[in-house]
Participant: 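Can you read through this structure? Questions will come right after.
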Amino acid sequence: MCGIVGYTGPKPAFAFLIDGLKRLEYRGYDSAGISLLNGDSVLTVKSIGKVVNLEAKRPTGERKMHTGIAHTRWATHGIPSERNAHPHTDEKGQFAVVHNGIIENHADLRKRLEAAGHKFASDTDSEVIPHLIEEFYNGDLAEAVAAALRQISGTYGIAVISSKDPDTIITARLGSPIVIGLGKDANMVASDVTALVTYTRDVIYLNDGEMAILTPSKVELRTLANVPVQRQASQVSWEISADGKGAYDHYMLKEIYEQPESVENSIRGRLNFKAANAVLSGLNLTPREMAQINRIVVAACGSSFHAGLVGSYYFEDISGIPASVEQAAEFRYRNPIIEPNTLVLPISQSGETADTLAAVREAVNKGAIVASLCNVVGSTIARESGRGIYLHAGPEISVASTKAFTCQVTVLLMLALLLGRNRRLNHEWGENLVREIEAIPDLLREVLKQAPRIEQIAKATAHANDLFYIGRGCLYPAALEGALKLKEISYVHAEGYHAAELKHGPIALLEPSVPVVALCNNIPGKDKMLGNIQECCARKAPIIAVVSGDDDCCDKFTDSIIRVPESSRFVAPITTVVALQIFAYYFARERGCEIDQPRNLAKSVTVE
Ligand code: M6R
């Protein structure tokens with residue numbers, strides 16, 4: 001949610017930290033701050049709003065300051081304000097700390113520290129950390145940090161600097177990601193590899209309960225209990241284009257247009273035409289182990305949850321395996337029935353979503369086979385699941401997920417094919433599916449060609465303050481995803497519903513000011529869908545119809561028709577959601593909304 005970055009090395013730290021914060025800004029963006037080691041003191045600057053506001057506060061003499069930490073915040077405890085922005089320090093300003101996560105016992109700790117004479121300057125939970133470090137400091141910064149962290153219950157990813165320890169950053173994690181970047185005569189730390197990849201490809205991921213001491217020439221890993229840890233660096237392969245958004249006005253639009261290529265990357269090397277099958281080696285399951293899977297449970301949040309819903313149709317229809325989808329936040333609290341032959345599939349773009357991670361841990365503890373679908377290589381969910389399939393969608397910067405969703409659904413379709421071929425799917429069916437999957441990128445190129453028409457429809461609809469999205473079968477989750485896209489970037493109320501459910505209540509809300517986006521592609525259930533559209537028309541709700549190719553089935557209901565290419569029911573959710581992403585984008589743009597960083601949201605939700 002919030003972003004952390006730190007640097008110690010020969011270069012001026014301020015420029016590095018500002019650049020890192022800008023790259024992390026998509027994770028949280030209500031305020032930001034930097035602390036720099038300035039001789040024998042710590043200099044801290046903060047600002048509310050975007051990182052450019054902080055950049056404008058460039059401190060005099062910063063070019064001589066070579067070690068620093070920085071933070072971009074998504075408020076949890078305390079309103080967005082300068083006093084609540086990180087870094088937080090002790091009263092004397094000797095220890096500066098940036099923190100991601102939540103300290104659950106902060107109220108007790110604060111009471112205790114205040115009773116001992118500490119004065120607090122913010123409403124945050126995080127501020128207890130520098131005060132605790134001050135309490136425990138006895139000449140060794142790393143020891144004081146470890147002692148402070150042992151007092152804490154909750155989650156943290158932190159970075160600390162101190163005027164008492166030149167050129168040094170201490171970092172630690174428990175439940176909130178930390179990655180260390182290894183440079184030439186410089187070392188770096190961040191909560192997200194995105195902040196580091198333009199400087200180094202060599203990184204070390206911290207595990208829970210570990211800390212690291214960084215100086216320009218050395219990185220030392222140990223546990224909080226002071227046991228040394230040896231870990232090889234990993235190589236990051238992500239390309240983050242230097243020109244950011246390139247010719248596009250927003251990352252969201254860029255990422256929408258990247259989808260043919262990102263899906264191609266997801267598919268690359270994973271289809272075997274001769275065997276009419278998918279090859280998903282990260283799954284690491286033998287044919288016998290696959291044959292023993294008797295249930296699939298997906299755990300995910302937001303768009304990833306919607307992708308999982310599409311997947312559940314695939315698993316039952318294609319693979320013949322009962323499947324259900326759980327809100328990851330509920331997974332461990334409802335004591336799910338997980339047996340040794342249950343395949344649990346956590347799905348997460350970031351691989352860091354706290355609720356999904358908790359579901360992974362619950363599933364691992366219950367002895368399930370856990371295989372994650374993550375985009376971020378080396379992310380916590382990917383590592384803790386032990387096996388999985390990477391999406392290869394490339395970095396997704398826009399808070400509203402687009403290309404990760406289409407890659408998730410494509411990967412789920414390949415997985416359903418693999419499990420289906422392992423059981424009831426014959427060669428011919430397999431071959432058909434392989435062909436369909438291979439064709440997805442070209443179908444998406446066709447959808448993108450419709451963008452000007454979709455833009456017109458979106459602009460003509462953008463006055464609406466309530467919308468319904470309806471679909472059936474695999475297009476029901478597509479309706480949910482379309483509605484989520486619209487509400488998160490346009491701040492307009494939009495609800496996804498199963499088309500048949502509308503008449504069980506929500507139809508009461510339909511009137512001429514409430515448009516209904518009806519997904520009426522040429523797939524089984526279309527006739528019933530046409531009936532549902534009639535029901536909406538009878539309440540004078542304007543219809544925006546998504547149809548396949550030249551189909552004229554909705555011409556009598558509306559002029560607002562979005563055409564996506566003909567495809568099977570399995571591919572229809574992918575093409576349709578891309579059309580709905582474009583609709584949401586232009587709708588929000590017409591309303592003058594902030595698109596890449598919508599209010600109140602964060603890219604990666606690392607609190608429960
Ligand atoms: O990184 P994850 O896929 O685990 O994130 C899950 C949700 O937070 C995410 O999909 C969210 O709903 C997006 N903003 C949707 O566009």
Side-chain angles (χ1 to χ4, degrees), residues 1-3 24 26-29 74 175-177 191-194 250-253 255-256 259 262 298-311 325-331 345-360 372-385 388-391 393-409 411-412 469 477-478 480-491 494 496 577-578 580-585 588 593-608:
M1 314 207 67
C2 311
L24 292 182
Y26 71 104
R27 297 184 59 119
Y29 32 78
W74 183 86
S176 193
S191 52
D192 182 332
V193 79
T194 320
H250 296 97
Y251 278 107
M252 183 179 178
L253 192 62
E255 288 160 8
I256 287 174
Q259 290 178 104
S262 56
V298 174
C301 305
S303 291
S304 299
F305 174 81
H306 297 154
L309 272 179
V310 180
V325 190
E326 301 274 347
Q327 308 274 6
E330 277 300 306
F331 187 83
L345 286 181
I347 305 181
S348 174
Q349 187 285 129
S350 60
E352 302 295 349
T353 300
D355 284 321
T356 312
L357 178 58
V360 170
S372 63
L373 268 66
C374 292
N375 192 33
V376 178
V377 176
S379 55
T380 312
I381 291 172
R383 286 183 292 135
E384 292 203 12
S385 299
I389 311 164
Y390 280 118
L391 304 177
E396 191 180 68
I397 303 297
S398 159
V399 166
S401 184
T402 54
K403 60 180 182 170
F405 175 86
T406 43
C407 289
Q408 284 164 345
V409 178
V411 167
L412 286 164
Y469 284 65
L480 298 181
E481 176 60 9
L484 175 65
K485 281 295 85 84
L486 192 79
K487 64 188 134 197
E488 67 180 331
I489 61 168
S490 71
Y491 317 141
V577 164
V578 173
L580 299 181
Q581 294 164 354
I582 299 170
F583 178 79
Y585 174 81
C593 298
E594 174 81 72
I595 290 181
D596 282 334
Q597 294 169 349
R599 71 181 183 207
N600 304 344
L601 299 183
K603 181 66 182 163
S604 165
V605 183
T606 51
V607 291
E608 289 183 39

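Both ligands and their constituent atoms are indexed starting at 1 by order of listing.
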Participant: Taking all heavy atoms of Ala359 and all of Ala328, pick out the closest pair and write down the distance.
Facilitator: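 Smallest interatomic distance, heavy atoms only, reads CB-O, 4.3 Å.
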
Participant: Identify, by atom number and element, the atoms of ligand 1 in contact range of Val399, meaning under 4.0 Å from any of its heavy atoms.
Facilitator: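 Atoms satisfying the 4.0 Å criterion: 13 (C), 14 (N), 16 (O).
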
Participant: Ser348 heavy atoms, cut-off 4.0 Å: which ligand 1 atoms fall inside?
Facilitator: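 Ligand 1 atoms under the 4.0 Å threshold to Ser348: 1 (O), 2 (P), 3 (O), 4 (O).
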
Participant: Would you check whether Gly302 has a nitrogen or oxygen atom less than 3.5 angstrom from a nitrogen or oxygen atom of ligand 1?
Facilitator: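 Not met; the criterion fails.
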
Participant: Assess the side chains of Glu352 and Thr380: does a donor N or O sit below 3.5 Å from an acceptor N or O?
Facilitator: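 A donor-acceptor contact under 3.5 Å links the two side chains.
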
Participant: Nearest 0.5 Å please: distance from the OG atom of Ser401 over to the CG atom of Asn375.
Facilitator: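 With rounding to 0.5 Å, OG (Ser401) is 8.5 Å from CG (Asn375).
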
Participant: How far is atom 5 (O) of ligand 1 from its nearest protein heavy atom, and which residue and atom is that?
Facilitator: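 Here the nearest protein heavy atom works out to Thr353 OG1, 3.5 Å.
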
Participant: Return the residue, atom name and 0.1 Å-rounded distance of the protein heavy atom closest to atom 8 (O) of ligand 1.
Facilitator: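 Heavy-atom neighbour on the protein nearest atom 8 (O) of ligand 1: Val605 CG2, 4.1 Å.
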
Participant: Tell me, please, which residues at least two apart from Glu488 pass salt bridge (Lys or Arg N to Asp or Glu O under 4.0 Å).
Facilitator: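 Checked Glu488 against salt bridge (Lys or Arg N to Asp or Glu O under 4.0 Å); matches are Lys485.
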
Participant: Among all protein heavy atoms, pick out the one at the shortest distance from atom 7 (C) of ligand 1; state its residue, atom name and that distance to 0.1 Å.
Facilitator: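 Answer, as residue, atom name and distance: Cys301 O, 3.7 Å.
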
Participant: Of the options Val409, Val577, Leu309, which is the one that meets Pro477 in a side-chain contact (heavy atoms from CB on, under 4.5 Å)?
Facilitator: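 Only match with Pro477 under side-chain contact (heavy atoms from CB on, under 4.5 Å): Leu309.
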
Participant: Is the distance from the ring center of Phe405 to that of His306 below 6.0 Å?
Facilitator: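 They do not qualify: ring centres at least 6.0 Å apart.
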
Participant: Which is closest to atom 14 (N) of ligand 1 in terms of heavy atoms, Glu488, Gln581, Glu481?
Facilitator: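 Among Glu488, Gln581, Glu481, the closest heavy atom to atom 14 (N) of ligand 1 belongs to Glu488.
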
Participant: Can you list the ligand 1 atoms lying under 4.0 Å from a non-hydrogen atom of Ser303?
Facilitator: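 Within the 4.0 Å cut-off of Ser303, ligand 1 contributes 10 (O), 12 (O), 15 (C), 16 (O).
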
Participant: Considering only heavy atoms, does Glu352 approach ligand 1 within less than 4.0 Å through its side chain, its backbone, both, or neither?
Facilitator: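 Glu352 to ligand 1: no contact under 4.0 Å from either part.
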
Participant: Nearest to atom 3 (O) of ligand 1 by heavy atom, Ala328, Ser304, Ser401: which?
Facilitator: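 Of the listed residues, Ser304 has the closest heavy atom.
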
Participant: Among side-chain atoms of Thr194 and Asp192, is any donor-acceptor pair under 3.5 angstrom?
Facilitator: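 Distance-only check passes for Thr194 and Asp192.
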
Participant: Distance under 4.0 Å to a non-hydrogen atom of Lys485: what atoms of ligand 1 satisfy this?
Facilitator: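 Counting atoms of ligand 1 from 1, those under 4.0 Å from Lys485 are 15 (C), 16 (O).
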
Participant: Does any donor atom in the side chain of Gln259 or Thr402 lie under 3.5 Å from an acceptor atom in the other side chain?
Facilitator: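 Not at all, the side chains of Gln259 and Thr402 share no donor-acceptor pair under 3.5 Å.
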
Participant: Nearest to atom 1 (O) of ligand 1 by heavy atom, Ala400, Ser350, Ala404: which?
Facilitator: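 Minimum heavy-atom distance to atom 1 (O) of ligand 1 goes to Ser350.
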
